[in-house]
Amino acid sequence: MRFGVALLAGGQARRMGGAKAQRQLGDLTLLEHAIRRTKPWNAPMVLVLRSSSDVRSPGLRVIRDDPAIPGPLGGLAAALADAEDAGLEAVLTVPCDMPFLPADLPDRLLPALQTGVSVAVAQSAGRRHPITALWRPEVAATLRDRAGRDQLSLRGLADQAGSVAVSWSTEDGDPFFNINTPGDLEQAARWYEGRASV
């Protein structure tokens, strides 16, 4: 299955004081961590921003959130349209604030998507992470219908479109730990330094 990767970095990050993608974790920004995690997947990649001035793009093609749709759904709408234009069969959305994503993310989500569902969602500790999911472009019609009714939940969209969850272990820490606050960033820094010293 031909898929692309969409790095979502359009959030306002109010709890972080803005510019989340540019925050440092060790020697890299969060955006650079996301790129390093996803590059080995050898899939076409785009950076999805609410505004082209949100972050400095390190050589990636940039697309803009759908301005008519607020929140993460606007980024997903843009990613789905871009994937369809490129003739891709699916797009894997990855937020810029999950620096410990598992290397086998596409390897495990792709087979799940081939069961006839429209969305394969990552899950850990019994919690689904629809921001980190593999979506078929056909989901766009359901997305726009829901957005027109002010239903802006990614989880709700995945449920209505037909989804399957794929679980990862948290034995060595949650690979889908996301950074929303300065405290989260401090915790991530401790984990990152601990892993680097092993």
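Heavy-atom basis, side chains included; hydrogens, waters and symmetry copies ignored.
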Mind checking the CG-CG spacing from Leu73 to Leu143? Nearest 0.5 Å is all I need. 4.5 Å
Rounded distance [0.5 Å steps], CG in Leu8 versus CG in Leu49: 9.5 Å
For His33 and Tyr192, take the angle between the two ring planes, folded into 0 to 90°, and tell me which bin it lands in: parallel under 30, tilted 30 to 60, perpendicular over 60. perpendicular
Under the side chain to side chain donor-acceptor pair (under 3.5 Å) test, which residues partner Gln114, sequence neighbours left out? none
If I take atom CE from residue Met45 and atom NZ from residue Lys39, how far apart are they, to the nearest 0.5 angstrom? 7.5 Å
Taking all non-hydrogen atoms of both residues, which atom of Pro72 and which atom of Leu154 are closest, and how far apart? CB-CD1, 3.8 Å
Are the side chain of Trp135 and the backbone N or O of Val121 linked by a donor-acceptor pair below 3.5 Å? no
State the CZ-OG distance between Arg146 and Ser153, to the nearest 0.5 angstrom. 6.0 Å
Whether the side chain of Thr93 engages the backbone of Ile131 through a donor-acceptor N/O pair (distance < 3.5 Å, no angle test) should be reported. yes
Which atom names give the shortest non-hydrogen contact between Ala103 and Trp41, and what distance separates them? O-NE1, 3.0 Å
Candidate pair Ile69 and Arg144, rule side-chain contact (heavy atoms from CB on, under 4.5 Å), full reasoning: CA-CA 8 Å; Ile69 303 176; Arg144 293 190 178 284; 3.7 Å; yes
Side-chain donor or acceptor of Arg136 paired with backbone N/O of Val117 under 3.5 Å: yes
Minimum heavy-atom distance between Glu138 and Ser118, given as atom pair plus value: OE2-OG, 3.1 Å
Within the side chain of Arg36, is there an N or O that forms a donor-acceptor pair under 3.5 Å with the backbone of Pro99? no
For a side-chain contact (heavy atoms from CB on, under 4.5 Å) check, start with the C-alpha distance between Leu109 and Leu113, then their side-chain angles and the critical distance, and finish with the verdict. CA-CA 6 Å; Leu109 291 181; Leu113 196 63; over 6 Å; no
Joint cluster assignment, Val62 & Leu92, ILVMFWY side-chain distance < 4.5 Å: yes
Linking I/L/V/M/F/W/Y whenever any side-chain heavy atoms sit under 4.5 Å apart, do Leu80 and Leu88 land together? no
Checking side chain to side chain contact (heavy atoms under 4.5 Å, CB included) between Leu60 and each of Ile35, Val5, Val48, Val46, which is the one that passes? Ile35
Just checking, any donor-acceptor pair under 3.5 angstrom between side chains of Thr181 and Asp184? yes
Start with the C-alpha gap between Asn180 and Lys20, add the side-chain angles, then the distance that decides, and say whether side-chain contact (heavy atoms from CB on, under 4.5 Å) holds. CA-CA 8 Å; Asn180 290 314; Lys20 184 193 294 186; 3.2 Å; yes
Residues Arg149 and Asp145 bridged, charged N to O under 4.0 Å: yes
Looking only at non-hydrogen atoms, find the nearest pair between Ala188 and Phe100 and report the distance. O-CZ, 3.6 Å
So how far is it from Thr29 OG1 to Asp27 CG, rounded to the nearest 0.5 Å? 10.0 Å
Under 3.5 Å donor-acceptor, Glu89 side chain and Arg2 backbone: yes
Do the side chain of Arg128 and the main chain of Ala165 share a donor and acceptor less than 3.5 angstrom apart? no
Which atom of Ala83 lies closest to which atom of Pro137, heavy atoms considered: CB-CG, 4.4 Å
Non-hydrogen side-chain atoms of Pro70 and Leu152 separated by less than 4.5 Å: yes
Looking at every non-hydrogen atom in both residues, tell me the closest pair between Ala78 and Asp65 and how far apart they are. CB-CA, 4.1 Å
Could you measure the distance from the CG atom of Asp97 to the CZ atom of Phe177? Nearest 0.5 Å is fine. 9.5 Å
Does a side-chain N-to-carboxylate-O contact under 4.0 Å join Asp82 and Arg61? yes
Met1 reachable from Val139 in the ILVMFWY side-chain graph, under 4.5 Å edges: yes
His129 side chain to Phe176 backbone, donor-acceptor under 3.5 Å: no
Any donor-acceptor pair under 3.5 Å from Arg23 side chain to Leu30 backbone: no
